[in-house]
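Only one structure is covered here, and it is reproduced in the block below.
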Amino acid sequence: MNLGFFASGSGSNFEAVAKRCLSGEITATPAMLICNVEGAGVFERAERLQVPSYLVRREDFTDGRDFAARLLEILHEHRVELILLAGYLRKLPPAVLRAFPNRVLNIHPALLPAFGGKGMYGHRVHEAVLAAGCRITGVTVHLVDEEYDHGPIVLQREVEIQKDDTPETLAARVLEVEHQIYGDAVKLFVENRLSIERGQVRILGGSIL
Ligand code: GRF
């Protein structure tokens with residue numbers, strides 16, 4: 001199965017999943033990466049892993065339809081079957097979502113539906129979690145619909161908050177869990193072990209953890 005990644009930043013999640021594919025543990029190919037931020041760290045990682053990468057920015061297109069068409073052109077050229085959002089700080093155009101129904105995953109550094117939505121990304125998430133006095137936070141992988149950080153949940157894993165945590169220390173521990181859980185979710189998808197019934201994901205074939 002060919003995977004298409006979208007990222008905006010450092011790309012550590014991209015690298016973690018791509019490496020598990022390249023090692024043969026996940027039977028999928030990291031086929032391409034699209035990034036919307038010039039010079040983002042993810043480009044260097046893509047080059048190192050020999051994954052074709054593209055800079056595609058909404059602001060370079062006057063018409064949103066042309067932007068969506070360019071994304072679809074790249075996705076189709078690489079025969080992508082599953083899209084992975086890995087720190088992509090934009091919504092995918094509806095035309096792309098329609099072309100990949102239930103075939104777009106996202107990772108979020110909190111336990112959705114709490115601490116998600118527009119503008120809730122990066123350190124803002126961890127600051128909000130600490131400000132709320134939460135005892136636990138975690139990571140969510142979900143199928144993507146047209147709302148930010150919304151759609152059927154595939155996997156979640158919790159991370160305990162320690163009393164001296166700062167947004168930085170918490171982000172680092174959460175990121176480690178992200179690197180495990182995203183690949184786990186992709187593996188389930190690739191092995192055809194996810195079924196969606198009435199808006200909820202069921203994992204087939206017993207526990208994976
Ligand atoms: C991660 O925290 C991810 O959950 C969020 O954006 C961050 C991306 O980190 N959506 P990286 O670019 O994968 O290192």
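Numbering of ligands and ligand atoms starts at 1, following listing order.
A donor atom on one side chain and an acceptor atom on the other are found under 3.5 Å apart for Arg45 and Ser10. Using modelled atom types and a 3.5 Å distance limit, the side chains of Thr137 and His126 yield no donor-acceptor pair.
Counting heavy atoms from C-beta on, the side chains of Glu38 and Phe43 never come closer than 4.5 Å.
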Side chain to side chain contact (heavy atoms under 4.5 Å, CB included) evaluation trace for Val96 with Leu72: CA-CA 6 Å; Val96 174; Leu72 285 169; 4.0 Å; yes
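For Pro109, the heavy-atom gap to ligand 1 drops under 4.0 angstrom.
Residue Ser12 has at least one heavy-atom neighbour below 4.0 Å for each of these atoms of ligand 1: 11 (P), 12 (O), 13 (O), 14 (O).
Remark: among candidates Ser8, Gly11, Ala86, the nearest residue to atom 12 (O) of ligand 1 is Gly11, based on non-hydrogen atoms.
Scanning the protein heavy atoms around atom 1 (C) of ligand 1, the nearest turns out to be Glu178 OE1, 3.0 Å. Looking only at heavy atoms of the protein, atom 9 (O) of ligand 1 is closest to Asn13 ND2, 3.8 Å. For atom 8 (C) of ligand 1, the closest non-hydrogen atom of the protein is Gly87 CA, 3.8 Å.
Both tests pass for Arg124 against the ring of Tyr121: distance under 6.0 Å to the centre and angle within 45° of the axis.
Taking the charged nitrogens against the carboxylate oxygens, Arg70 and Glu73 do have a contact shorter than 4.0 Å, which makes a salt bridge.
Between Ile107 and ligand 1, at least one N/O pair is under 3.5 Å apart.
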